[in-house]
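Worksheet: the structure to be examined is printed underneath.
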Amino acid sequence: MKVRFEADGDVIVVTGGASGIGRALARAAAAAGARVVVCDVDRDAMARLQRDAPSIAVRALDVSNRDAVMETFAAIEAEHGRIDGLVCGAAVQPRRRVEDMDAAAWRRVIGVNLDGVVWCYQAVVAGMVRRRRGSIVAFTSGLAHQGWPEASAYAASKAALIAFVKSAAKEVASHRVKFNLIAPGVIDTPQYRAANEGADHERWRASTGVGTPEDVVGPLMFLLSDAATMTASLLSRDFVYSASDA
């Protein structure tokens, strides 16, 4: 049985959506009828996305800049009338030992991965509460629970994000606004390859089941849809096999 989630007319914003999982989601949501806006800092990747999918709008945005987030999201709402779904996919994952990390490097990770989600949430939640409909999804990671060498800042940001989402979600649950988390597992994206430079990716794929961005689209579309009625939940995609290999 195949299930297809419709998104006819919904306005969906994807931060960090010019590549990787965000790009796959943006294209799938647009194909399902959504009006999609991708916000990213990678202008080259945004240009490639627009060449491949002209119906997807793109906006340059550094989510760690609260004023820029508020201005950008206000412009999106003014243009489209509302924002129905938000996927907070923007993240950075530098590899560095704790003793080698200066204040600027630490703040950059926390600023994008944690603060950026907070600012985006603030930018959309009032409109969603007013309309009594909306879905927000943030990305966490298995590293939030188990940690990883040279990934302390990333793991800390993703662990803090779990507490933030579960708390904020309870503030708006009575207004029928959903705020959930997804831990997508190990997915072969440009960020994954940059963070694991020099690794034998084919061996990793064979031994740990590294997935593709498209493998995460179904769970994300579910969380954005009216079929998902839960909030403050963490959907963990512990990888079993690639949908593309089924």
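Side chains included, hydrogens not; waters and symmetry mates left out as well; all remaining heavy atoms used.
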Answer yes when Asp62 and Arg108 have at least one side-chain N-carboxylate O distance shorter than 4.0 Å, and no when they do not.
yes
Looking only at heavy atoms, what is the nearest atom pair of Val98 and Ser152, with distance?
CG2-OG, 3.3 Å
Assess whether side-chain contact (heavy atoms from CB on, under 4.5 Å) is satisfied between Leu86 and Ile12, documenting all intermediate values.
CA-CA 6 Å; Leu86 166 64; Ile12 297 174; over 6 Å; no
What class does the angle between the rings of Phe179 and Phe164 fall in, given that below 30° is parallel, 30 to 60° is tilted and above 60° is perpendicular?
perpendicular
Do the side chains of Arg96 and Met101 get nearer than 4.5 Å, heavy atoms only?
yes
Is Arg43 atom CZ crowded by more than 12 heavy atoms from other residues, nucleotides or ligands, each under 6.0 Å away?
no
So, taking the atom named NZ in Lys178 and the one named CZ in Arg176, what distance separates them when rounded to the nearest 0.5 Å?
9.5 Å
Worked verdict on Val69 versus Phe73 for side-chain contact (heavy atoms from CB on, under 4.5 Å)
CA-CA 6 Å; Val69 168; Phe73 277 74; 3.8 Å; yes
In short, Leu234 meets His145 closest at the heavy-atom pair CD1-NE2, 4.4 Å
Can you tell me how far apart CZ (Arg48) and OG (Ser19) are? Round to the nearest 0.5 Å.
8.0 Å
Non-hydrogen atoms of Cys39 and Val13 that approach each other most closely
SG-CG1, 4.0 Å
Lys/Arg N to Asp/Glu carboxylate O, Arg35 vs Asp84, below 4.0 Å:
no
Heavy-atom pair with the smallest gap, counting every atom of Met128 and Gly134
SD-CA, 3.7 Å
Distance in Å, Leu49 CG paired with Met46 CE, rounded so as to fall on 0.5 Å steps:
9.5 Å
Donor-acceptor under 3.5 Å (Lys170 side chain, Ala232 main chain):
no
If you round to the nearest 0.5 Å, how far is CG of Leu161 from CG of Leu114?
6.0 Å
Check the hydrophobic clustering (I, L, V, M, F, W, Y; side-chain heavy atoms under 4.5 Å; chains of links allowed) and say if Ile21 and Phe222 are grouped together.
yes
Evaluation steps, side-chain contact (heavy atoms from CB on, under 4.5 Å), between Asn180 and Leu235
CA-CA 8 Å; Asn180 291 296; Leu235 179 58; over 6 Å; no
Salt bridge or not for Glu79 and Arg59, using N-O below 4.0 Å?
yes
Return the set of residues passing side chain to side chain contact (heavy atoms under 4.5 Å, CB included) with Gln146 (not counting sequence neighbours), or none when no residue passes.
Leu143, Trp148
Under a 4.0 Å N-O cut-off, is there an ion pair linking Asp115 with Arg66?
no
Audit row: Ile56, Val14, side-chain contact (heavy atoms from CB on, under 4.5 Å) steps and yes/no:
CA-CA 11 Å; Ile56 297 175; Val14 185; over 6 Å; no
Between Val63 and Met70, is there a shared hydrophobic cluster once you connect ILVMFWY residues whose side-chain heavy atoms come closer than 4.5 Å?
no
Between Arg133 and Asp10, is there a salt bridge with N-O shorter than 4.0 Å?
yes
Between CD1 on residue Ile162 and OG on residue Ser167, distance to nearest 0.5 Å:
11.5 Å
Output yes when a side-chain donor or acceptor of Thr15 lies under 3.5 Å from a complementary backbone atom of Ala90, and no otherwise.
yes
Residue pair Val109 / Tyr154: nearest heavy atoms and the distance that separates them
CG1-N, 3.8 Å
Val58-Val41 co-clustered via ILVMFWY side chain contacts under 4.5 Å
no
Between Lys158 and Phe139, is there a donor-acceptor pair closer than 3.5 Å when you use the side chain of the first and the backbone of the second?
yes
Contact check, side chains of Ser135 and Val137, non-hydrogen atoms, under 4.5 Å:
yes
Does the Thr140 side chain pair with the main chain of Leu181, one donor and one acceptor, at a distance under 3.5 Å?
no
Of all the heavy-atom pairs spanning Gly17 and Asp40, show the shortest one and how long it is.
N-OD2, 3.3 Å
In this structure, CD1 of Ile83 is separated from SG of Cys120 (nearest 0.5 Å) by 9.0 Å
Glu71 atom CD: more than 12 heavy-atom contacts under 6.0 Å:
no
So Arg23 and Asp52, do their side chains get closer than 4.5 Å, heavy atoms only?
yes
